[in-house]
S.K.: 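Take this structure first; my questions come after.
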Amino acid sequence: MNHWLMKSEPDVYGIDDLEKASTDYWDGIRNYQARNMIRDQMKPGDLAFFYHSNTKEPAIVGIMEIVSEGYPDDTAFDPNEKYYDPKSDPANPRWYRVDVRFVRKLRRPITLRELKTIPELADMPLLRRGNRLSIMPVTPEQWHRILQLEEQAPAA
DNA sequence: GCCAACGTTGGC
DNA sequence: GCCAACGTTGGC
């Protein structure tokens, strides 16, 4: 089983939206590296952290489960969609999405600020300068370390 | 709102 | 295939 971290802007789609929906599409991925992970590596049963980006206090806020294989993101074919891409051909789709299911919120948000203070997490792409991947793999060690943080009072 | 970093586009 | 211009991401 693989672990992931997936970013979303809470103003657009936050953990509360997923909780309400229970299961939803994770669509709008328009980056090749992220696309490849969705299409080739994500499997039902994988777990992912839900990360709030581009907000006052960026943080990991919850856990979700991947519940589908990657499959073509048909929002790319619809001119009325925000993420319409005229170059994605339905016969040879360029973009993919997965379905995700709400598992739970974390007891407390684990902020980016706090993550930066943990030496074992320094290798996470999330914490590396200039990295803008919206979906990234998380090692089992990193996953468990972050869940340990959840049990502790915030360090900072 | 600013701006660094980085991906994409398109002229040549 | 190079690379400048442009657009986007996302922390601050």
S.K.: Mind checking what makes side-chain contact (heavy atoms from CB on, under 4.5 Å) contact with E19(A), not counting sequence neighbours?
M.R.: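 D16(A), F102(A), K105(A).
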S.K.: Could you check how far CG of D11(A) sits from C1' of dT9(C), rounded to whole Å?
M.R.: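 Checked: the CG to C1' distance equals 15 Å.
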S.K.: Of the nucleotides dT8(C), dG10(C), dG11(C), which has the atom closest to the P58(A) side chain?
M.R.: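 Looking only at heavy atoms from C-beta outward on P58(A), the closest nucleotide is dG11(C).
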S.K.: Please work out if L133(A) contacts a base, only the sugar-phosphate, or nothing of the nucleic acid, heavy-atom cut-off 4.0 Å.
M.R.: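 Sugar-phosphate contact only.
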S.K.: Ignoring backbone atoms, establish whether Y51(A) has a side-chain N or O less than 4.0 Å from OP1 or OP2 of dG11(C).
M.R.: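 It does, given that an N or O in the side chain of Y51(A) lies less than 4.0 Å from OP1 or OP2 of dG11(C).
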S.K.: Could you check how far CZ of R128(A) sits from C1' of dG10(C), rounded to whole Å?
M.R.: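 The answer, rounded to whole Å, is 17 Å.
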S.K.: Taking CG from N54(A) and C1' from dC2(B), how many angstroms apart are they, rounded to a whole number?
M.R.: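 Going from N54(A) (CG) to dC2(B) (C1'), I get 13 Å.
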S.K.: Nearest whole angstrom, please: distance from the C1' of dC12(C) to the CG of L112(A).
M.R.: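 L112(A) atom CG is separated from dC12(C) atom C1' by 10 Å.
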S.K.: Which one, dT8(C), dG10(C), dC12(C), comes nearest to the side chain of R132(A)?
M.R.: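 Nearest to the side chain of R132(A) among the choices is dT8(C).
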S.K.: With a non-hydrogen cut-off below 4.0 angstrom, is K116(A) in contact with a base, only sugar-phosphate, or nothing?
M.R.: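 Contact class for K116(A): sugar-phosphate only.
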S.K.: Roughly, in whole Å, what's the span from CZ in R30(A) to P in dG7(B)?
M.R.: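 So the CZ-P distance, R30(A) to dG7(B), works out to 18 Å.
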S.K.: Expressed as a whole number of angstroms, how long is the span from M124(A):CE to dG10(C):P?
M.R.: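 Interatomic distance, CE of M124(A) to P of dG10(C): 14 Å.
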S.K.: Whether K7(A) contacts dG10(C) is assessed here as follows: a side-chain N or O lying under 4.0 Å from the phosphate OP1 or OP2. Is that the case?
M.R.: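 Yes, because at least one side-chain N or O of K7(A) sits under 4.0 Å from OP1 or OP2 of dG10(C).
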S.K.: Which comes earlier along DNA chain B counting from the 5' end, the contact point of R94(A) or that of N131(A), where each point is its nearest nucleotide?
M.R.: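 Whichever sits nearer the 5' end wins; that is N131(A).
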S.K.: From NE2 of H52(A) over to P of dT9(C), roughly how many Å is that when rounded to an integer?
M.R.: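 Checked: the NE2 to P distance equals 17 Å.
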S.K.: Nearest of dG10(C), dT8(B), dT8(C) to any side-chain atom of S134(A)?
M.R.: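 Of the options given, the side chain of S134(A) lies nearest dG10(C).
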S.K.: State which residues pass side-chain contact (heavy atoms from CB on, under 4.5 Å) with Y71(A); sequence neighbours excluded, sorted by chain then number.
M.R.: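 side-chain contact (heavy atoms from CB on, under 4.5 Å) list for Y71(A), sorted by chain: Y25(A), S68(A), R97(A), D99(A).
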S.K.: Applying the side-chain hydrogen bond (donor to acceptor under 3.5 Å, both in side chains) test to W95(A), which of D85(A), D27(A), N31(A), D74(A) qualifies?
M.R.: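 Filter result, single survivor: D85(A).
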S.K.: Which label fits H144(A) and H3(A): parallel for a plane angle under 30°, tilted from 30 to 60°, or perpendicular past 60°?
M.R.: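 Rings of H144(A) and H3(A): perpendicular, as their planes differ by over 60°.
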S.K.: Hey, mind stepping through W4(A) and F50(A) against ring-ring contact (aromatic ring centres under 6.0 Å, His included) and telling me if it holds?
M.R.: CA-CA 9 Å; W4(A) 307 94; F50(A) 194 125; over 10 Å; no
S.K.: For the pair made of CG in D85(A) and P in dT8(C), what is the distance, rounded to whole Å?
M.R.: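 In whole Å, dT8(C) P lies 13 Å from D85(A) CG.
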